[in-house]
Each structure stands twice: as C-alpha cells, then as structure tokens.
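Here is the structure we will look at, set down as structure tokens.
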Amino acid sequence: MNRSFEYAALPMRVVFGAGSLHRLPEEVEALGLRRVLVLCGPRQEAVGKQVAAALGERCAGILPEATMHVPIEVARRAREVAAELGADGCVAVGGGSAIGLGKAIALAHGLPVVAIPTTYAGSEMTPVWGLTEDGAKRTGRDPKVLPVSVVYDPSLTLSMPVELAVTSGINAIAHAAEGLYAPDASPIVSLMAREGARALTGALPAIVERPDSLDARGEALYGAWLCGAVLGATTMGLHHKLCHTLGGTLNLPHSETHTVVLPHVLAFNGGSLNGRDLWELEGRLGAPRSLRSLGMAESDIDRIAAIVADATFPNPRPVTRQDVGDLLRAAWAGTQPAD
Ligand SMILES: NC(=O)C1=CN([C@@H]2O[C@H](COP(=O)(O)OP(=O)(O)OC[C@H]3O[C@@H](n4cnc5c(N)ncnc54)[C@H](O)[C@@H]3O)[C@@H](O)[C@H]2O)C=CC1
Ligand SMILES: O=C(O)/C=C\C(=O)CC(=O)O
C-alpha cells in the first residue's frame, strides 16, 4: 500500500480516572496559575462550587453562565468578568458549552484553559472555537483555545441524565465517523476513531441498562476522549456542517441534533459506519430520531439546505442543495435512512 499522510500531535496533558478531580490542584499549580476563573453552566453550579473548593485560594471566582452555542453576549460578559477578577486562567467544568466559554475567553485574552468534561462532546480535545452572533454560528481553529490540561473524572458523569449520555455519546461517534473519511485522516486518527466508536457503542447500551455503572460511564468517557481527539485532528464534513447550521441558526440542541442527523449523513456518504445500523441502535437506546421532535419547523428545511449547500467543507461525496434538502426532510420526519 502506498501510504501518504500528515499528522500533528496536539500539545496537551490528559489525566483520566475515577476520582481524578483531586488531581486538579496539582495540574493548576504545575501551570503556575494563581487566580483561575471557574466556568460552568447554571444547572451545574454545584459541581462548579466543588471545583472551586478543590482549588481553594487559587480560585478567583465562579461564573455559572455557560450557554449552548456560546452566544456572543455571554462570551463578552465572561471576558469582562475574567478581566475584572484579574484571572490568569480558567477551569471549565461541564459539557461543550462550559468549555466553549473558556475557549471564548482564551481567544480574546489568551488565558489558558483547564477542562473538566462532564459530557462526551469532545471540545476539550480541540483547538476549535465556536461563537453565535446574529443567528449564525462561526467556528474557527486557534491553538490558543486548546485546553492545556484535561481532567477526565468518570464519577462526574454519573449525574448526566441517561438521555443526554446517549445523545452526547452519539455526538462523539459523529466525530469518529467523519474523521474516518476526512481528507486529513491518518492511520493514528483512524485507530482512535474505530476504538472510540467501539467503546461508545458498547458503553451506551450498558449505561441505559445501568445508569449508575461507573465502569460503563468510564468506558463511554474513554471513547469520548478518543473521538474528541479525532475531532481535534481532522476537518469535519457534511454532518458537522449541518449540525452547526441547525444549532446556530435555529438554536436546536447540540447532541440531540447530532443524534438525529448522523444516520442520514452516514447513509448518504457511505463509509465504514453504517447509517441504518446506527439508526436502529438509536431506537433501542430511546434516542430522538426526528428533527420535528426537537422543535424544528418544516418550513426551515429549505433555508438550512441553502446555507449548507453554499458552504465550503470537505465531504467524500459532492453535495447539492437538493441532496441536503432530501436528507433534511428524512431527518425532519424521522424516517429510516436509505440503505
Ligand atoms: N469546539 C468544539 O470542539 C466543540 C464544541 N461543542 C459545543 O459544545 C456545546 C454542546 O455541548 P454539550 O456537552 O452537548 O452540552 P452542554 O455543555 O450544553 O450540556 C448540556 C446540559 O447538560 C448539563 N450537564 C452537562 N454535564 C452534566 C452532568 N455530568 N450531569 C448533569 N448535567 C450535566 C449542562 O449543564 C447543560 O445544562 C455546543 O455549543 C457545541 O457547539 C461540542 C463539541 C466540540
Ligand atoms: O460548534 C462548535 O463550537 C465547534 C465544533 C463542534 O461543535 C463540533 C460538533 O459539532 O460536535
């Protein structure tokens, strides 16, 4: 075989294991940080306080205002708070929204981010930032938003509702699926993608059956780490472009949108993960399978199809406006994807 690829390892530390939250103070100390701002979502203020307590006098304050898709107003306020407090870094605890808020501060002020992920979204492993302004989501890559240290503690994911664990796990599988056919894929990325998808497809049914299983939660978080690393290393295609547009333009929920759309994109693109199999797995896991059930109006389909078809992104198969419209109509109605 005539192999040809490029691969750049991202500079970051990972600490993984149940109970590893207790390693946070030494991570922060090793970075030389003295006044960190703790970021979390309003529904996770308790875990934000737990993190602040672990940090002791190194915590400058808590901002429990992380919001999905990082609205620009929320980003601006967080940047102001960080500056007012004289913060020299951020600790973001939560899902992609909390970590995204840390990245928004890093993008403007260059403060290092330590991430403690509590979902499987994978933002902690990427130099990708996202901001939503005037109904449109912009994303970009910048090395300064890549978290410098990531503490994965599966025990912090036990509180994640099973419904979110399922959709967030499928969000992670989406990174693996598109990483496998990305133009900048490489052998190490493909290994991570296959192993991440394997871990998650095994762990999600186990979580549904036994939500309190730390082993299953740990296996899912391990898979999420790998899939997040795939997202960080490759350029995503049609699936991620569709989900960004649906999320940023219509404010649809992130992981649920990924869950509904992915089987249809896989059926369209082909590739090594099968869309029909995933759709059937989603049915067994009780996951949402229609955009209609997420609140999308049918009348928005053509508008989203036009935005996506006019955008530039790599994809293994060329995409027309008609293709995107047909795909969205099937995902909106929740019909079984084509074989
Ligand atoms: N820049 C990047 O590389 C990436 C960015 N993202 C962004 O992240 C956002 C979505 O992140 P998600 O993690 O899907 O959602 P999220 O961070 O908004 O979390 C969803 C809800 O679940 C709660 N939650 C999270 N973990 C929990 C736990 N363990 N127990 C109980 N409640 C918990 C949160 O507080 C929130 O209310 C989107 O804005 C998306 O664009 C997602 C993936 C990668
Ligand atoms: O939208 C962002 O903030 C950046 C990337 C992602 O959300 C990746 C994804 O769609 O899961």
Side-chain angles (χ1 to χ4, degrees), residues 10 21 39-48 50-51 64-71 74-75 92-104 106-107 113 115-132 136-142 145-147 150 152-179 207 211 217 220-221 224-225 227-249 251-259 261-262 265 313:
L10 295 174
L21 180 59
L39 303 165
C40 60
R43 283 163 48 192
Q44 286 184 290
E45 204 168 342
V47 75
Q50 196 184 339
V51 166
E65 296 181 14
T67 306
M68 198 170 277
H69 306 307
V70 198
V74 178
V93 58
S97 300
I99 296 165
L101 190 55
K103 289 177 167 184
L107 189 66
V113 179
I116 311 174
T118 65
T119 69
Y120 310 135
S123 179
E124 68 280 358
M125 294 306 294
T126 82
V128 180
W129 55 266
L131 287 168
T132 301
K137 187 167 185 171
R138 284 182 299 129
T139 59
R141 282 181 179 256
D142 192 317
V145 310
L146 179 75
V150 182
Y152 284 103
D153 185 341
S155 56
L156 295 178
T157 66
L158 284 167
S159 55
M160 189 171 18
V162 167
E163 297 76 16
L164 176 58
V166 166
T167 56
S168 193
I170 294 165
N171 180 193
I173 291 171
H175 309 329
E178 292 223 296
I207 291 174
R217 298 276 186 165
L221 195 60
W225 164 53
C227 293
V230 173
L231 177 66
T234 53
T235 311
M236 298 284 113
L238 172 63
H239 173 75
H240 283 72
K241 180 54 69 184
L242 264 168
C243 293
H244 283 182
T245 309
L246 289 163
T249 307
N251 200 26
L252 293 191
H254 180 81
S255 63
E256 292 87 341
T257 303
H258 272 268
T259 300
V261 171
L262 186 61
V265 173
F313 54 87

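Start at 1 and go down the list; that is how both ligands and their atoms are numbered. Numbers for residues simply follow the sequence, beginning at 1. Only heavy atoms go into these numbers, but all of them, side chains included; no hydrogens, no water, no symmetry mates.
Shown in contact with Thr119 at under 4.0 Å from a heavy atom are these atoms of ligand 1, numbered in order with element: 13 (O), 25 (C), 26 (N). Per-residue contacts place Lys137 under 4.0 angstrom from the following atoms of ligand 1 (heavy atoms of the residue considered): 39 (O), 40 (C), 41 (O). Distances below 4.0 Å separate heavy atoms of Thr139 from the following atoms of ligand 2: 1 (O), 2 (C), 4 (C). Residue Gly130 has at least one heavy-atom neighbour below 4.0 Å for each of these atoms of ligand 2: 3 (O).
The proximity of Leu231 to ligand 1, defined as any non-hydrogen pair under 4.0 Å, is limited to the side chain. Within the 4.0 Å heavy-atom criterion, neither part of Leu158 lies near ligand 1. Contacts of His254 with ligand 1, taken as heavy-atom pairs under 4.0 Å, involve the side chain alone. Using a 4.0 Å cut-off between heavy atoms, His244 contacts ligand 2 through its side chain alone, with no backbone atom that close. Only the side chain of Asn171 comes within contact range of ligand 2, with a heavy atom under 4.0 Å; no backbone atom does. Contact annotation: for Val128 versus ligand 1, heavy atoms closer than 4.0 Å belong to both the backbone and the side chain.
With ring centers used as reference points, His69 lies 6.0 Å or more from His244.
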Can you check ring-ring contact (aromatic ring centres under 6.0 Å, His included) on His175 and His240, steps first, answer last? CA-CA 8 Å; His175 309 329; His240 283 72; 5.0 Å; yes
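Using a 4.0 Å cutoff on heavy atoms, His175 counts as a contact of ligand 2. Using 4.0 Å as the threshold, His258 has a heavy atom nearer than that to some atom of ligand 2. The closest approach between any non-hydrogen atom of His69 and ligand 2 is not below 4.0 Å. Contact annotation: Lys103 has at least one heavy atom less than 4.0 Å from an atom of ligand 1.
The side-chain heavy atoms of Val93 and Leu39, taken from C-beta on, include no pair separated by under 4.5 Å.
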